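These notes are about the structure you will find just below.
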Number of protein chains: 2
Amino acid sequence: MGDYLDGEKLNEVALADQFQVSRTPLREALQGLRATGLVELIPNRGAFVRRPSMTRLVEMFEMMGQLEAWCVSLATRRITGAQRIYLRQAARDCEAALAEGRHDAYYAANNRLHRTIYEASGNEFLAEETQRLLERLHPFRRRQLDVTGRLQQSMREHSAILDAMDLGDADRAAELMRGHINTLGDTYYQYINLVEDRRSSGT
Amino acid sequence: MGDYLDGEKLNEVALADQFQVSRTPLREALQGLRATGLVELIPNRGAFVRRPSMTRLVEMFEMMGQLEAWCVSLATRRITGAQRIYLRQAARDCEAALAEGRHDAYYAANNRLHRTIYEASGNEFLAEETQRLLERLHPFRRRQLDVTGRLQQSMREHSAILDAMDLGDADRAAELMRGHINTLGDTYYQYINLVEDRRSSGT
DNA sequence: ATTTTTATTTTTGTACACAATTCGTATCCG
DNA sequence: CGGATACGAATTGTGTACAAAAATAAAAAT
């Protein structure tokens, strides 16, 4: 599980058997997965896995950077005092989690920070869509974030973004955020390359 | 049909009866509608219609404008010669359709023009997501586009955008596109106001 | 030998039945 | 009278059976 090939056909009975459910709820789940873009459903033909290519992941991260940049740009102008405090707290939580080596706690705090920025944008729809894309990208992030140097650099970027927001410099905050997401993306690509290599070697 | 209230509960058997199908395919269809945001599915509770509020539509159009602006900005730099010709042709098709009063043909040509810009962005993922948002917004566009003055203004905006693209002025093209989408949005809001008034008067 | 047609098997699509959960109502208790 | 509780009805969740379509294999024709 986890390493499906790109155009691979998914057999309903086999999957239902694997997950110990009948075909009815499984088919509904497939409809849900279609929305996330992970599978493609062709009428009377079945479900096919859609593993994003390297270039598509680059595109997705490019868009993620753009959306986050837009969020932070709007948030710089619209953020409330309470949200500002909450952001700094999340940043401190990130540092504390990293110092204690609690990587899952870091992940949670980091998520809290980004999500708060989405919400502070004042555009709820934008916030939801950005969150949705983040979740779509989620399956492609792995251990590589645990490289401590990268995490510390990431936190410095957080601080710089929050500083720019405090100064009311929306453009600078947006530009910093774009860079932040792009470097994130870069580390993901390494993982993808690994996966594609493994696949082409026929494992 | 067509005028569901916002939080309205959808009964599966009633809907299945209405569409002359059994509950099984209906539930799968609901899962699909969930992706579009038109219905919300709560486990063990059922499906509820999610008619976007006025403010949410404003948000959606704001995002649409931003995405289209980004598309056109990228497209200005990456567009191919063939796409440039195709764009101008679509613009001419718009004019011809309007002159002949063929509003559905205008709609098709207009769609072709915008879609070509999405594709010319060179970011396939961005293109698909923008198209998806356009389709989500689609149920909320109605006759008001048929006001001839608006359509002619819209075509002038098209020309200006294509001109800016030809000049390689990405920022200007983006700004013009943002304005183009926003005025579109404005006319939609009128329709929404109508709907909400009608609803509150209890029809 | 290649292509077309036909038959068989597999797989998807849908209806239906029953289980599990929630909702509405009435009853009981404080 | 207000609120908790218990019962019955309605609704959602899931397994299974069968129909429809596609994929595969076999046979026939060119």
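Each chain gets a letter, A, B and so on, in the order the sequences are listed, and its residues count up from 1. From a predicted model like this one, the values you see are computed outputs, not experimental measurements.
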Charged N to carboxylate O under 4.0 angstrom, [X] versus [Y]?
| X | Y | answer |
| --- | --- | --- |
| B:D17 | B:R23 | no |
| B:E68 | B:R178 | no |
| B:R88 | B:D166 | yes |
| B:R132 | A:E129 | yes |
| B:R56 | B:D6 | no |

Whole Å only: how far is the [atom1] atom of [X] from the [atom2] atom of [N]?
| X | N | atom1 | atom2 | answer |
| --- | --- | --- | --- | --- |
| B:L26 | C:dT14 | CG | P | 11 Å |
| B:D17 | D:dT11 | CG | P | 12 Å |
| B:E12 | D:dT11 | CD | P | 10 Å |
| B:N11 | C:dG24 | CG | P | 12 Å |
| B:Q20 | C:dC16 | CD | P | 12 Å |
| A:L15 | C:dT11 | CG | C1' | 13 Å |
| A:I42 | D:dA21 | CD1 | P | 18 Å |
| B:R27 | C:dA15 | CZ | C1' | 14 Å |

Look at the side chain of B:P25 and decide which nucleotide, out of C:dA15, D:dG15, D:dG13, has an atom nearest to it.
->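 Nearest to the side chain of B:P25 among the choices is C:dA15.
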
Between D:dG13, C:dT14, C:dT11, spot the one nearest the side chain of B:E28, thanks.
-> C:dT14

Have a look at A:L30 and say if it touches a base, only the backbone sugar-phosphate, or nothing, with a 4.0 Å heavy-atom cut-off.
->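 Answer is nothing: A:L30 stays at 4.0 Å or more from every strand.
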
Sugar-phosphate, base or nothing in reach of B:L41, heavy atoms under 4.0 Å = nothing

Sub-4.5 Å side-chain heavy-atom contact between B:F125 and A:M64 = no

Going by heavy atoms in the side chains, are A:R34 and A:R50 under 4.5 Å from each other?
-> no

Can you check each nucleotide of nucleotides 17-23 of chain C against protein heavy atoms at under 4.0 Å and return B for base, S for sugar-phosphate only, - for none, in 5' to 3' order?
-> B---SSS

Is B:S22 near enough to C:dA15 that one of its side-chain N or O atoms lies under 4.0 angstrom from OP1 or OP2?
->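 Yes, because at least one side-chain N or O of B:S22 sits under 4.0 Å from OP1 or OP2 of C:dA15.
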
